[in-house]
Amino acid sequence: MWFIIDDQMADDRRIRRLPLATVGLWVKLCVIHSKGVSMQAKDPAAYPGHFDKLDLKDAGGTMKQLQQLIDSGLMEEHDGGWRPVYAEGICREPRVLTEEQREARRKAGSKGGRRKAANQKAKQTSGDLPENSQANGEQNSSETGSKPSSKLLEDSQAKTWHKTDTYTDNPSPTPPAGKPKQPATPESGFDHFAEAYPGSVGAKGRKTEAEARALYAAIAGNPVELTRLQTALRRYKHAVNDGQVRTGHIPRLNTWLRQWETWAPEPISPPPSHKHTWNCEHVHQLMDPHEDEYDHTGSLRTGNPSEWWKACQACADELNQQQTSKEKQ
C-alpha cells in the first residue's frame, strides 16, 4: 500500500506554518501508519489502527511536534493513540485491497507474463525465416497457388513484421574515450575546499580570495596539517548545519583560515626518537657477540675509558647517524 503525498502539499498554508522538522516527522508517522494498515489487512492483530508514544519516539519525534500536527489538523487522537488525517490538497488516503482484489492482480500479472513469453517466442521463430527462405524458395513458390487467400495474407503480414522488427547487425557507435584524470594541484585543492566552505570566499582575483588562496597553500604544503584543516572544515560545517553557528556570523574564507585551528583536532605529536647510547639494547645486540675481542681495562671516572666502551660508543654514534639520515629522507 502506498502513502501518496499531493504535489500541491508544499503550497498548503498548514504545511507552510509548520517547522521543517515537524513536516518530516509527519511524513514518517504517515508511512508507519500506512505500513501498519497494510499489515492489518493480512493479520488484524498485526496493527491496532493507530501509533503510540513508542512509535513516536522511534520516529525521532516529540510530543510538542505531535501537538503541532494535531493543532494543524494533520493528526487526530484515536483509541488511546494517534492516526493521520488525510487532508485534501496534502495527501490521499491509501486504498487497502481486499484479498479478492490481490488475487485478481496476481492472476492478471501471471497472464501478462505468459503473453510476453509467447510474443518473445514468436519473434525468435520469425527470426529464422531468412535462413530458410532461400533453401525453400522453389517449394514456397510452388505451394503459393494452393494456399487460400487468408493464409497468403498471414504470410505477408509475417514478412512485413519481420522486416520491421528483426534485429539488424548495425555497428554500435564507439563511446568517446574518457579524459585522463588530472593530477591534484594546490589550485584545484583550494577550489574544492572553497566550494565546500559554507560561507563566502570573495570575488575571484580580489584581495580576500587571493589571501585565502595563499593561506590554504601554506597549510596544504604539510600533509598532516592539511588533514587537520579538512577535519576542521567538516566540524565547522556540522556546527553551521546544527545551528551552533548562525548563518549571519560566518566569516569570509580568508578570515576563517586564520582561526581554523580552533575547530581542528589536537595535533598528534610524533613519538620521541630514541637516541642510542653505548649501553642501550640496540648497541648490546650488535656488540655483545664481540665483547671478548676488546680490553675492559679503564674507567670513565679517571678519563681513561676502556676499549670496550669506546667501541660501544662508536657503534651508538653510527646508529644515531643512520637514524638521522633516514629522518631527513
Side-chain angles (χ1 to χ4, degrees), residues 5 7-31 56-62 64-66 68-69 72 175-272 327-329:
I5 297 178
D7 56 4
Q8 302 298 322
M9 180 268 285
D11 299 326
D12 192 279
R13 59 181 180 82
R14 290 164 290 186
I15 295 295
R16 292 204 308 267
R17 292 176 178 177
L18 290 173
L20 182 60
T22 305
V23 177
L25 175 65
W26 170 75
V27 173
K28 292 183 71 174
L29 292 176
C30 288
V31 170
L56 177 65
K57 184 177 180 181
D58 290 341
T62 63
K64 180 181 178 180
Q65 292 174 318
L66 179 60
Q68 291 174 339
L69 294 173
S72 300
K179 295 181 179 180
K181 188 175 180 181
Q182 298 295 331
T185 61
E187 290 76 13
S188 63
F190 174 79
D191 293 337
H192 290 306
F193 188 86
E195 185 178 353
Y197 182 66
S200 173
V201 180
K204 192 169 184 178
R206 294 296 182 91
K207 180 179 178 181
T208 54
E209 193 265 351
E211 183 183 2
R213 192 178 292 273
L215 290 170
Y216 176 86
I219 300 170
N222 185 337
V224 176
E225 290 297 286
L226 178 60
T227 302
R228 293 182 64 223
L229 176 64
Q230 293 168 343
T231 304
L233 177 61
R234 287 195 295 270
R235 290 181 174 182
Y236 189 72
K237 288 179 64 177
H238 285 315
V240 172
N241 294 335
D242 294 342
Q244 299 176 19
V245 178
R246 294 175 57 184
T247 305
H249 293 179
I250 301 176
R252 286 183 181 268
L253 180 56
N254 62 324
T255 303
W256 187 85
L257 283 172
R258 290 195 293 268
Q259 58 192 25
W260 66 274
E261 288 190 294
T262 58
W263 296 93
E266 291 296 326
I268 300 176
S269 302
E327 292 176 354
K328 290 181 179 180
Q329 289 179 355

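All values below were derived from every heavy atom in this structure, side-chain atoms included, with hydrogens, water molecules and symmetry-related copies excluded. By convention here, the first residue in the shown sequence is residue 1.
- Side-chain atoms of Arg228 come within 3.5 Å of backbone atoms of Pro265 as a donor-acceptor pair (strictly under, hydrogens ignored).
- Between Tyr236 and Trp256, the ring planes lie tilted relative to each other; the angle falls in the 30° to 60° range.
- Interatomic distance, NE2 of His249 versus CZ of Arg246, reported as 4.5 Å (0.5 Å rounding).
- Residues satisfying the side chain to side chain donor-acceptor pair (under 3.5 Å) test with Thr22, not counting sequence neighbours, are Gln68.
- The shortest heavy-atom contact between Ser72 and Leu18 is OG-CD2, 3.3 Å.
- Closest non-hydrogen pair, Tyr197 versus Pro251, comes out as OH-O, 2.7 Å.
- Taking each heavy atom of Pro198 and Ile250 in turn, the nearest pair found is O-CD1, 4.2 Å.
- The ring-ring contact (aromatic ring centres under 6.0 Å, His included) search around Phe193 returns Tyr216, not counting sequence neighbours.
- Under the 4.0 Å criterion applied to side-chain N and carboxylate O atoms, Arg17 and Asp12 are not assigned as salt-bridge partners.
- Taking both residues in full, the closest heavy atoms of Ala212 and Leu257 are given as O-CD1, 3.4 Å, listed atom of the first, atom of the second, then distance.
- The minimum heavy-atom distance between Val201 and Thr208, with the atom names listed, is O-OG1, 3.8 Å.
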Hey, mind stepping through Leu215 and Trp260 against side chain to side chain contact (heavy atoms under 4.5 Å, CB included) and telling me if it holds? CA-CA 11 Å; Leu215 290 170; Trp260 66 274; over 6 Å; no
Please determine whether side chain to side chain contact (heavy atoms under 4.5 Å, CB included) holds for the pair Arg213 and Asp191, giving the CA-CA distance in whole Å, both sets of side-chain angles, and the decisive distance to 0.1 Å. CA-CA 9 Å; Arg213 192 178 292 273; Asp191 293 337; 3.5 Å; yes
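- Residue-environment remark: CD (Gln259) exceeds the threshold of 12 foreign heavy atoms within 6.0 Å.
- By the 4.5 Å heavy-atom criterion applied to side chains, Arg258 and Asn254 are counted as neighbours.
- Among residues two or more places apart in sequence or in another chain, the salt bridge (charged side-chain N to carboxylate O under 4.0 Å, His left out) test is passed with Arg234 by none.
- Ala59 and Lys28 get closest at one heavy-atom pair: O-NZ, 3.1 Å.
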Mind running side chain to side chain contact (heavy atoms under 4.5 Å, CB included) on Trp263 and His238 for me, showing each step along the way? CA-CA 11 Å; Trp263 296 93; His238 285 315; over 6 Å; no
